[in-house]
Amino acid sequence: MYIKDLSKYESQEITLKGWAANKRESKGLVFIILRDGTGLCQCVVDANSVSETIFNEARKATLETSLSITGKIVKDEKQIGGYELQATNIELIQVAVDYPIAKKEHGIEFLMDNRHLWLRSQRQWAIMRIRNTIIFAIHKFFQNEGFLQMDAPLFTGNAVEGTSTLFETDFYGDAAYLSQSGQLYGEAMAMAHNKIYTFGPTFRAEKSKTRRHLSEFWMIEPEIAFHDIFDNMDLIERFLRTVVTEVLNTNKAELELIGRDTAILENVVKPFPRLTYDEAVKIIKGEVDVNGINAITSLEQELAEVKNSIEATKKEIDEREEKIKTPGMKKGEIGFNQAKIDKLKQELSDLEEQERNIPGWLNSARNFEYGNDFGGSDETVLTRLFDRPIMVYNWPHEVKAFYLKRDPENSNFARGVDTLAPEGYGEIVGGGERETDLNLLVEKINEHQLPMQAFEWYLDLRRYGSVPHSGFGLGLERLVTWVCKLPHVRESIPFPRMYGRLMP
RNA sequence: UCCUUGAUAGCUCAGCUGGUUAGAGCGACUGACUGUUAAUCAGUAGGUCCCUGGUUCGAGUCCAGGUCAGGGAGCCA
């Protein structure tokens, strides 16, 4: 019997097993908020309706104590799930002493050190359920479209691109690297099965400490024979639309719990704007407006607003600190103001962080040099102007991967496409049409100074029945992060691995 | 790797231009209260002020080096 099914058991006596997520006591009553992994339910133990022994057991149930509790289910609109259990019996399974994660505020380092316990808290619980929906929806989408799931190896003999971002391991005495992409293997598999996708972990040894990087993350890489870049963009759009819509339909409660405004997510039903690199650069530099909004001036405005907010926040902190000092103030009122002050100070340091960052972004946007790849801040500057994901295609070929097809219309460009999430999230999908010309590929491999011999098998794909083909890579955690509007990718995966973080 | 901010109680933080015995809230513990939603109220315990060295009559506070962490850049999904 699970809490999610309580409505089926109204006015019946049932037994629930779970953990005490919270407890409040008064003279003859104990309120236990039971958490069973499927939901929360308040359980009331009344001294008048149970024996003294049972009542005393209930009082011993500390935070995160595991227990089973039996009682009658009654409807109560005030409660979280709409139901309450009136206990007739309680059995403690293990009494938890001094559970580290309290009901209140914690810093990120502490929470990350306690990630194994943090996963139990409401917000993290909701995020993981949304992650699950996304994973399932991805499989459903591809399977329904006739794709075959085929996985690429995780041990690889060489890099797809530079070797600086690879984790090296010992493979029976030879150097082997943890895969940073299944892309090339995906192409081989697509030549065998036409439409395939891989779904597995990927490893990047980048010493990055930003909100969008993990050392170990899950990537979905479809590869499709006889698709050009435009077919590819159609697929990306249909794919994201289907997956996000699935979350909207399945996880209403979870989205509400984490406070996600779903209006922008609902916009995925509308067509995604498609910009060429040239068009996107003009927008970033402020030469072209989007829907009457200019990238540069709107960012300048935001900087001014941030500065105003800083002043206003400082003022409010001062006022409340002055207020606390007034003699004869009740303890409760002091506590209330103190909590407010703490919150305001947190907001203030976030705002000051922004005040330090925005000028750099402005600078990067104003001085953007045509021909360069977009940086994180350029993506932010660009995507802030849109209310749904956008696709940027036809990139200068020098800044993109060696395997991307040169645009037949203009050989300065490669047929790559990046899909950027709105609200400043940036790249969630990178892909494109693959180069089919053997000579151009060989030239590129030399240019990038890659070991030709390691790519002979890959070149075989162009020697034996080469066809136009395309594909893309989706970073699962980046999608989860955007869908949930998380401040950082580290909350989008159960146990994040990143620079400086290997435990727990 | 670079820029930037920080490290004080179990947790979140205050501690001013160096000055006697180190502060708050929350949590824990004890007690009061018959329906609470971060319950409330009263009380108790709880400290290697990140590490090493320096300046000084005196360092949580100043200086140098280091370690760890937050944010950003580069790179990327």
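All heavy atoms count here, side chains included; hydrogens, waters and symmetry mates do not. To find a chain, count down the sequence lines: A is the first, B the second, and so on, and within it residues start at 1.
For the residue pair Gln301(A) / Glu305(A), no side-chain donor-acceptor distance below 3.5 Å is found, with atom types taken as modelled. One side chain, Ser181(A) or Glu221(A), offers a donor N or O that lies under 3.5 Å from an acceptor on the other. Side-chain polar atoms of Gln149(A) and Asp151(A) form a donor-acceptor pair below 3.5 angstrom.
Taking atom C1' in both G70(B) and U37(B), the straight-line distance is 33 Å, to the nearest Å. The C1' atoms of C68(B) and G23(B) are separated by 26 Å, rounded to the nearest whole Å. A39(B) sits 15 Å from G27(B) when the C1' atoms are compared, rounded to a whole Å. With P as the reference atom, A69(B) and G31(B) are 42 Å apart, rounded to whole Å. A distance of about 48 Å separates the C1' atoms of A77(B) and C16(B), rounded to the whole Å.
Nearest to the side-chain atoms of Thr210(A) among the listed nucleotides C76(B), G72(B), G70(B) stands G72(B). Ranking C76(B), G71(B), G35(B) by closeness to the Asp373(A) side chain, first place goes to C76(B). Distance from the side chain of Asp98(A) is smallest to A28(B) among A28(B), G35(B), G70(B).
Here Glu477(A) lies out of heavy-atom contact (under 4.0 Å) with every strand. Looking at heavy-atom distances under 4.0 Å, Gly473(A) makes contact with sugar-phosphate atoms alone, never a base. Among the atoms of the strands shown, only primed sugar atoms or phosphate atoms (P, OP1, OP2) are found under 4.0 Å from some heavy atom of Phe110(A). Within 4.0 Å (heavy atoms only), Ser377(A) reaches sugar-phosphate atoms of the nucleic acid but no base atom. Among the protein residues, Arg212(A) comes within range of the nucleic acid bases, having at least one heavy atom under 4.0 Å from a base atom. Across all strands, Arg501(A) comes closer than 4.0 Å to no nucleic acid atom at all (heavy-atom distances). Within the nucleic acid shown, Asn48(A) comes within 4.0 Å of at least one base atom, counting heavy atoms only. Nucleic acid contact class of Leu214(A) (heavy atoms, under 4.0 Å, all strands): base. The residue Leu29(A) sits close to a base: some heavy atom pair falls under 4.0 Å. Backbone-only engagement by Gly500(A) is indicated by non-hydrogen atom pairs under 4.0 Å involving sugar-phosphate atoms exclusively.
Of the side-chain N and O atoms in Trp361(A), one or more sit less than 4.0 angstrom from OP1 or OP2 of A73(B). A sub-4.0 Å separation between OP1 or OP2 of G72(B) and a side-chain N or O of Lys209(A) is absent. Between A39(B) and Arg24(A), a contact under 4.0 Å exists linking OP1 or OP2 to a side-chain N or O.
Here the two rings, on Tyr277(A) and Tyr370(A), have centers that are under 6.0 Å apart. Residues Phe413(A) and Tyr393(A) keep their aromatic ring centres 6.0 Å or farther apart. A ring-centre distance under 6.0 Å is found for His139(A) and Tyr197(A).
Between the CG atom of Asn357(A) and the C1' atom of A73(B) there is a distance of 9 Å, given to the nearest Å. What separates NZ of Lys207(A) from P of G71(B) is a distance of 18 Å, to the nearest Å. A straight line from CZ of Phe167(A) to C1' of C76(B) spans 13 Å, rounded to a whole angstrom. Atom-to-atom, CG of Asn114(A) to P of C11(B) comes out at 9 Å; the value is rounded to the nearest Å. One atom, CG of Leu502(A), and another, C1' of A69(B), lie 16 Å apart when rounded to the nearest Å. Atom CG of Leu166(A) is separated from atom C1' of C75(B) by 13 Å (rounded to the nearest Å). Remark: C1' of G70(B) and CD of Glu355(A) are 18 Å apart, rounded to the nearest angstrom. The CG-P distance, from Asn367(A) to G74(B), rounds to 13 Å in whole Å.
For Glu256(A), the CD atom is loosely surrounded, since the number of other residues' heavy atoms within 6.0 Å does not exceed 12.
Residue Arg478(A) places a side-chain atom within donor-acceptor reach of the base of C76(B), judged by atom type and a 3.5 Å distance cut-off alone. In terms of polar N and O atoms assigned as donor or acceptor, the side chain of His213(A) comes within less than 3.5 Å of the base of C76(B) in a complementary pairing. Not a single donor-acceptor pair, N or O on each side, falls under 3.5 Å between the base of G72(B) and the side chain of Gln354(A). Side-chain N/O atoms of Asn22(A) and base N/O atoms of U37(B) include no donor-acceptor pair closer than 3.5 Å.
Annotation: of the two residues near RNA chain B, Gln86(A) and Glu427(A), the 5′-most nearest-nucleotide partner is Gln86(A). Residue whose closest nucleotide on RNA chain B sits further toward the 5' end, between His488(A) and Val399(A): His488(A).
The aromatic rings of Phe142(A) and Phe472(A) sit tilted relative to each other, their planes meeting at an angle between 30° and 60°.
In this structure, the side chain of Arg204(A) engages the main chain of Gln180(A) through a donor-acceptor pair within 3.5 Å.
For A77(B), the base is stacked against the aromatic ring of Phe217(A), per a cut-off of 5.5 Å between centres and 30° between planes.
Using a 4.0 Å cut-off between a side-chain N of Lys or Arg and a carboxylate O of Asp or Glu, Arg366(A) and Glu300(A) qualify as a salt bridge.
Taking a pair as Watson-Crick or G-U wobble with both distances under 3.5 Å, the runs of three or more consecutive pairs in RNA chain B are B:1-7 with B:67-73, B:10-13 with B:23-26, B:28-32 with B:40-44, B:50-54 with B:62-66.
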